[in-house]
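Just below is one structure, and these are the notes that go with it.
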Amino acid sequence: MLLFLYTLLYFHKSYAKAEDSPCQKMGDPKYALLSKDGDVTIGGLFSIRSIEILPSFDFIQKPQLLSCASVNLRDFRMAQIMIFAIEEINRSEQLLPNVSIGYKIYDSCGSRLSSMSASMALMNDQEFAAGHRCNGQSPIHAIIGETESSATVILSRTTGPFKIPVISHSATCECLSNRKDYPSFFRTIASDYHQSRALAFIVKYFGWSWVGAVNSDNDYGNNGMAKFLKTAEEEGICVEYSVKFYRTEPEKLQKVVDTMKKSSTKVVVAFLSRVEMVNLLEQLSIQNVTGLQVIGVEAWTTAKSLITPNTFRVLGGSLGFAVRKINTEGFSDYVIKTFWDSAFPCLQTEGNSSQLKLNCSRYKDLLVLKSYNDDVPEQRYASNVYKAVYAVAHSLHSLLKCKEPEGCKKDLPIQPQQVVEALKKVHFTVKFGDHVWFDSTGATVAQYEIVNWQQDSDGSIQFKPVGYYDASLPPDQRFVVNTENIIWAGGQLEKPRSVCSESCPPGTRKAAQKGRPVCCYDCIPCAEGEISNQTDSNNCKQCPEEYWSNAEKNKCIIKTVEFLSFTEVMGIVLVFFSLFGAGLTVLVAIVFYSKKDTPIVKANNSELSFLLLFSLTLCFLCSLTFIGRPTEWSCMLRHTVFGITFVLCISCVLGKTIVVLMAFRATLPGSNVMKWFGPVQQRLSVLAFTLIQVLICVLWLTLSPPFPLKNLKYYKEKIILECSLGSIIGFSSVLGYIGLLAVLCFLLAFLARKLPDNFNEAKFITFSMLIFCAVWITFIPSYVSTPGKFTVAVEIFAILASSFGLLLCIFAPKCYIILFTPEKNTKQNMMGKIPHRLNVSHPNNKTYTEDFSDPPANLLAPCSVFLRQTWPPRSRLRRGRCSLHDAEATSPPLASLPSSYHSDANIIRANNPSYQKVVRI
């Protein structure tokens, strides 16, 4: 702790001693190139010469001062207009009426070393009075300069601790907008933040997504390029390469040129200062690199020094941003007369002639410009220097409390920090109409011209304005380009293309190529159901649920609605078979009705037959309800009609089967079983079976009826309009009940299959039920697995197949007899009673031989036995002693009668299938 206090006291003592010591110069003084005394002094720092000549460093003698060569006309004009503005203000009776402004202008030679030296010279007086103490105050109140951003950074960092305001006319580096690092910096030009973004916008505007980039390796180039690259990425622009070099690095410059030669892009963004651009152009010209569309920045785009026959081969057609060209009234005449008479030191006649000769040796390279002013109209930064001088004057006007007619209080002490604060508040208009004020970063609003390098008919190179960028305007109005006036690289009138991959047309999307920038991509067609309706879409959009992509995948169209219609081939075929089946059924009914009095119709239970034919007609016709656009009513109708008509049909078949079976099973004497299967009972059974199905359908329709449904699952590209079952249980119950009756009918018919043939429908019913069950058993998996309208077709096919099976199996044999073998349509044939020659032995020992179909009752009176045949007619043999002998069998199937009969023996054997049973009596 004691050591710390001792150290602190030591430094305090040393500082107090330094404060009391007189100011002493270290090294040789650096004198201003142009200067004039005044009540207040403004410093100027410009690269009036561009080449620095270093002295010999052999350490044998004291090094000489740095010298410069090669006049930079543009910066010399900046120095001239600074003096022009100061003299204009000094002549004015309004701004600073009784205060004169002096100036000190130094040449930085475009060198950082010289810039530092000049900065130090500006902040110090060159001479001190005897005993004068160092007070830490600068002899100047503001500095105008530097030209380049890197040099301005050095200047601002050097003067920053002393709060000396620096106003640059052309330093655009965005880094200088940092008020924390550069609190006393101002500029009458916009920050590169706007120019960098504008570069990306112009590249985007012309559709160039594949560009190269080269920049100066200094604060100006690095910061500007960094902002451009960021904005370019945001705008979807890809940079194939980004290279940089500095003016003193020829090796890097050669690598940059090699990179540009090998690249595939034809557009290059050059964020270079003028000196680096000169070096690059020289190498590109030597290596004959042409055909590049160069996009430039304000630092070099309008530099006349770049124009040569060789460079135009490289830069012809270039586009770039430039500071607006403003004509300052009176300046063109000033640079060829007044300046040389009043402000140029070596032409002054006062003083020692030898001293004058010495002074003029510094200015001999400038004297050649005495009578030249052709470049003045093209000077674009001169107005910025002019506005900077006036900004300082307006701040002094505020600080010195200038009023008319009293004038300014010139005795008020002015500190540089006060000038900084006053500059933040200035807001005025110069004589050529521009409004001058500084934003929060110390810059002015961004306003650029867009110029195009063009060659006139006389061969001269011109910077033709083709648009502008004005950040003060609304976003949609800031950027304007007249493309028709542009002549592109190589003298082409058509805009060059610069893309890594060609644009993806609508209907495709971009897919980035692995390991390459995002602008290098493949065009992938959109998937089914997706579209892209814009060029270069990154993603395809999914169509809404009821829409689908067209063939080009660039538009969503409403999906095709598919259902089984009457107009398509399948619908027409099914309608034909439905109507054909219904017509065939009606035809059978007509045939039966016309032959209703014949034995075959009577023997087939005509009432049930006609009811069966009616139900079959309905079955054929109900299939039509399945065809056509499903509606709420058609969906309910098709399934219920189908269920009820099929139950009615199966009920009729079941009734016929039960009647046949019961008639042959009722064999006991005096049995009255058949009275329960009479016509009334048959009708009631059919009605009961049908009412059960009606009840099931009513419950189904009440609780969860079928309804039309847009099915989007089976096919993505189309909508299947179908009838939803509503309730699976309801539909299953309807089918299950039909299946139950069909199985029951099949079993009963199967049991009756061995009854006598002539009247035996059981075999045909069995076969028809076998077809029916087979059809509907195979229907279930087919119905579940078949999509769309084919589901309906399968259901219609099952209806038609089962209906045709019933119609053909049951009625075809009878129709055949009726129509083609009417001789068999007799009672005897139906009863199976074919004449036999029988020998009848009676107890009276008489034998009768006679042809008859039924055993004569009078002969067989003593016998008592029932001979039961296929059909209901019976022959009663009464009890007694008699025997029947088969004398001759004339034709099958009744080949014989019972082989023997014993009155007390009780059993008659029937070897012929005409007899179903012989019963013990």
Cys523/Cys504 under disulfide bond (SG atoms under 2.5 Å apart): CA gap, chis, key distance, verdict: CA-CA 5 Å; Cys523 296; Cys504 289; 2.0 Å; yes
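- Taking 4.0 Å as the cut-off between side-chain N and carboxylate O, Arg509 and Glu530 do not count as a salt-bridged pair.
- In terms of modelled atom types and a separation under 3.5 Å, the side chain of Lys555 and the main chain of Ile531 share no donor-acceptor contact.
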Disulfide bond (SG atoms under 2.5 Å apart) between Cys519 and Cys500, intermediate numbers included: CA-CA 6 Å; Cys519 295; Cys500 181; over 6 Å; no
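- Using a 30° and 60° split on the angle between ring planes, Phe580 and Phe576 fall in the parallel class, below 30°.
- Taking the six-membered ring for Trp and thresholds of 30 and 60 degrees, Phe321 and Tyr469 have ring planes more than 60 degrees apart, a perpendicular arrangement.
- No side-chain donor from either of Asn279 and Gln283 sits under 3.5 Å from a side-chain acceptor of the other.
- With Ser216 contributing its side chain and Gly221 its backbone, the two residues share no donor-acceptor pair below 3.5 Å.
- Using a 3.5 Å distance cut-off with no hydrogens or angles, the side chains of Asn215 and Asn222 do pair a donor with an acceptor.
- Under the 4.5 Å side-chain criterion, counting only non-hydrogen atoms from C-beta, Leu229 is not in contact with Glu233.
- Under a 3.5 Å cut-off, the side chain of Ser532 and the backbone N or O of Thr508 do form a donor-acceptor pair.
- For the pair Glu235 and Lys204, the salt-bridge criterion is not met [side-chain N within less than 4.0 Å of a carboxylate O].
- In this structure, Arg380 and Glu298 have side chains that are not in contact, with every pair of non-hydrogen atoms separated by 4.5 Å or more.
- Surrounding OH of Tyr193 are at most 12 heavy atoms belonging to other residues, nucleotides or ligands under 6.0 Å away.
- Using a 4.0 Å cut-off between a side-chain N of Lys or Arg and a carboxylate O of Asp or Glu, Asp536 and Lys510 do not qualify as a salt bridge.
- Taking the charged nitrogens against the carboxylate oxygens, Arg497 and Glu502 do have a contact shorter than 4.0 Å, which makes a salt bridge.
- Ring centroids of Phe479 and Tyr468 are separated by 6.0 Å or more, keeping the two rings apart.
- Ring pair Tyr205/Phe201: centre-to-centre distance not below 6.0 Å.
- Environment of OH in Tyr547: sparse, with no more than 12 heavy atoms of neighbouring residues, nucleotides or ligands closer than 6.0 Å.
- Using a distance-only test at 3.5 Å, with no hydrogens or angles considered, no donor-acceptor pair links the side chain of Ser634 to the main chain of Pro630.
- Around the CD atom of Gln542, the shell of radius 6.0 Å holds more than 12 heavy atoms that belong to other residues, nucleotides or ligands.
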Step-by-step side chain to side chain contact (heavy atoms under 4.5 Å, CB included) determination, Met260 to Leu292: CA-CA 9 Å; Met260 295 174 68; Leu292 295 177; 3.7 Å; yes
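- At a threshold of 4.5 Å between non-hydrogen side-chain atoms, the residues Thr567 and Ile572 do not count as touching.
- Contacts of Glu484 classified as salt bridge (Lys or Arg N to Asp or Glu O under 4.0 Å), with partners at least two apart in sequence or in another chain: none.
- Judged by distance alone, the side chain of Ser149 and the main-chain N or O of Thr172 form a donor-acceptor pair under 3.5 Å.
- Taking 4.5 Å as the limit, every side-chain heavy atom of Lys464 sits out of range of all side-chain heavy atoms of Asn485.
- With hydrogens and angles disregarded, no donor-acceptor distance shorter than 3.5 Å links the side chain of Thr535 to the backbone of Pro505.
- No donor-acceptor pair under 3.5 Å is formed between the side chain of Trp453 and the backbone N or O of Trp488.
- Taking a cutoff of 4.0 Å between a charged side-chain nitrogen and a carboxylate oxygen, Glu722 and Lys710 do not qualify as a salt bridge.
- Here the side chain of Thr265 pairs a donor or acceptor atom with the backbone of Trp210 at under 3.5 angstrom.
- In this structure, Asn452 contributes its side chain and Ser318 its backbone to a donor-acceptor pair below 3.5 Å.
- Checked by atom type and distance alone, the side chain of Gln293 pairs as donor or acceptor with a backbone atom of Gly317 at under 3.5 Å.
- Other residues, nucleotides and ligands place more than 12 heavy atoms under 6.0 Å from the OH atom of Tyr241.
- Ring pair Phe804/Phe620: centre-to-centre distance below 6.0 Å.
- Taking the six-membered ring for Trp and thresholds of 30 and 60 degrees, Phe642 and Phe626 have ring planes more than 60 degrees apart, a perpendicular arrangement.
- Between Phe463 and Gln454, every side-chain heavy-atom pair lies at or beyond the 4.5 Å cut-off.
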